[in-house]
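One structure is given here, and the rest of the page talks about it.
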Amino acid sequence: MDSSNYWYGHAHALSRYCGLDEPPPIRGIVQHGWTFVHGYGAAHKPPLGLTRFAWSDVCRRRGQIIGWRDYEPIGAPFLYLMATEEEEPQGREGTIWYPFHGTPDFESVAGDHQGLIDEILATETGPVTMCLYFIEYENPEIRRLYEEAGFRVITHGQRGAKWQGTDADFMRRQLRELRRHERVASNRLSTAMFYGIQAGCEAAIYGDPMELVDMKDGFDGEQLFRAWYPFMFDAQVDDKLGRELAAQELGVAHMLPPEELALTLGWTNG
């Protein structure tokens, strides 16, 4: 099985939904994060002949534009996690904030962290949890900035690479954090924003969007997002429009029942 299927605990979430203790090999490549292109990252080109298990039909159509085939929309693993993880009775409070982050492979982020902190303090009225991607969390200078601002600073865990260091509870930890906050916010439209909206948070996107150093051509969609989805870029996103977009991009309509999902992923013979 491709090692990216394990990232963030995706394969584990899918297998638990299907009633399995451990994930068998998946017959294809599962989309591991939201992108505005074909569902896969700049460095991730699934080999020919393997099914691309994308989250949504939107990704399938975008992929077909560039000549990719073998798509099978199944909905995001986060949706299957939500279906198996009951929400614990608790009050929601404050905002969980996800700043734009780099990647473990080749990209780092450049931006004004202090300026972002100042804007967050001027915007949020409740307590703030700053959730850093593990790359920025492991940078003591960046982490210290947010800690000294009075934020609770956390990370959900390690993504892993090439079968090493993957935290299978990453996404479970993320869901639990989202369910304890009233709001989810970021400086970019991102996977975490759609997860937060789907998990019942109010949404906000504001602040310095920051930039990826040496970003691959065709993968910086910031200006496109603002043109396509202007309603998402506000300190208080329209709840109805935000939920409709999240459902579309996460592929809510493509979720499968356990038996059909297991068959689709190659875990049963039908």
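Positions are given from 1, in the same order as the sequence printed here.
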Worksheet item: Going through the distances and angles, do Trp34 and Phe225 end up as a ring-ring contact (aromatic ring centres under 6.0 Å, His included)?
Response: CA-CA 13 Å; Trp34 178 78; Phe225 302 159; 5.3 Å; yes
Practice prompt. Take Arg62 and Glu249 through the test salt bridge (Lys or Arg N to Asp or Glu O under 4.0 Å) and record every step on the way to the result.
Written response: CA-CA 12 Å; Arg62 292 170 183 154; Glu249 295 294 341; 3.2 Å; yes
Practice prompt. Could you give me the CA-CA distance, side-chain angles and deciding distance for Phe194 and Trp55, then say whether ring-ring contact (aromatic ring centres under 6.0 Å, His included) is met?
Written response: CA-CA 12 Å; Phe194 290 131; Trp55 295 358; 8.7 Å; no
Discussion item. Evaluate Glu85 against Arg179 for salt bridge (Lys or Arg N to Asp or Glu O under 4.0 Å), listing each step before the verdict.
Written reply: CA-CA 11 Å; Glu85 293 281 318; Arg179 282 173 166 172; 5.8 Å; no
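A tilted orientation is assigned to the rings of His32 and Tyr8, their planes being inclined by 30° to 60°. Using cut-offs of 30° and 60° on the angle between ring planes, the pair Tyr229 and Phe231 is perpendicular.
Taken from CH2 in Trp7 to OG1 in Thr166, the straight-line distance is 8.5 Å, to the nearest 0.5 Å. Remark: Leu14 CG to Leu81 CG distance equals 9.5 Å, nearest 0.5 Å. The structure places CD of Glu136 at 9.5 Å from CD of Glu138, a figure rounded to the nearest 0.5 Å.
Looking at every heavy atom in both residues, Pro99 comes nearest to Leu116 through CB-CD2, 4.2 Å. Counting all heavy atoms, side chain and backbone alike, Gln31 lies closest to Gly33 at NE2-O, 3.0 Å. Of all the heavy atoms in Ala246 and Ile197, the pair that sits closest is CB-CG2, 3.9 Å.
Side chain to side chain, Gln198 and Arg243 fail the donor-acceptor criterion of an N or O pair below 3.5 Å. There is no side-chain donor-acceptor pair under 3.5 Å between Glu72 and Thr51. Between the side chains of His181 and Thr129, at least one donor N or O lies within less than 3.5 Å of an accepting N or O.
Between the side chain of Arg188 and the backbone N or O of Pro209 there is at least one donor-acceptor pair closer than 3.5 Å. Side-chain atoms of Trp267 come within 3.5 Å of backbone N or O of Pro25 as a donor-acceptor pair.
Between Tyr80 and Leu261 the shortest side-chain heavy-atom distance falls below 4.5 Å. Residues Phe36 and Leu189 fail the side-chain proximity criterion, which asks for heavy atoms closer than 4.5 Å. A 4.5 Å side-chain heavy-atom check between Arg183 and Gln236 finds at least one atom pair inside the cut-off. By the 4.5 Å heavy-atom criterion applied to side chains, Pro73 and Phe53 are not counted as neighbours. Counting only heavy atoms from C-beta outward, the side chains of Thr155 and Tyr133 never approach each other to under 4.5 Å.
Linking ILVMFWY side-chain heavy atoms closer than 4.5 Å, directly or via other members, places Ile66 and Tyr71 in a single hydrophobic cluster. Hydrophobic clustering keeps Val58 apart from Val252 (ILVMFWY residues linked when any side-chain heavy atoms are closer than 4.5 Å, directly or through intermediates).
Residue-environment remark: CD (Gln90) exceeds the threshold of 12 foreign heavy atoms within 6.0 Å. Enclosure of atom CD in Glu87 by more than 12 non-hydrogen atoms of other residues, nucleotides or ligands within 6.0 angstrom is indicated.
The pair Arg143-Glu148 does not count as a salt bridge, with every side-chain nitrogen at least 4.0 angstrom from each carboxylate oxygen.
Listed by chain and number, the residues in a side-chain hydrogen bond (donor to acceptor under 3.5 Å, both in side chains) with His10 amount to none (sequence neighbours excluded). Scored by the side-chain contact (heavy atoms from CB on, under 4.5 Å) test, Leu145 finds His113, Gln114, Ile117 as partners (sequence neighbours excluded).
When each of Arg172, Arg159, His156, Arg173 is tested with Asp167 by the rule side-chain hydrogen bond (donor to acceptor under 3.5 Å, both in side chains), just one qualifies, namely Arg173.
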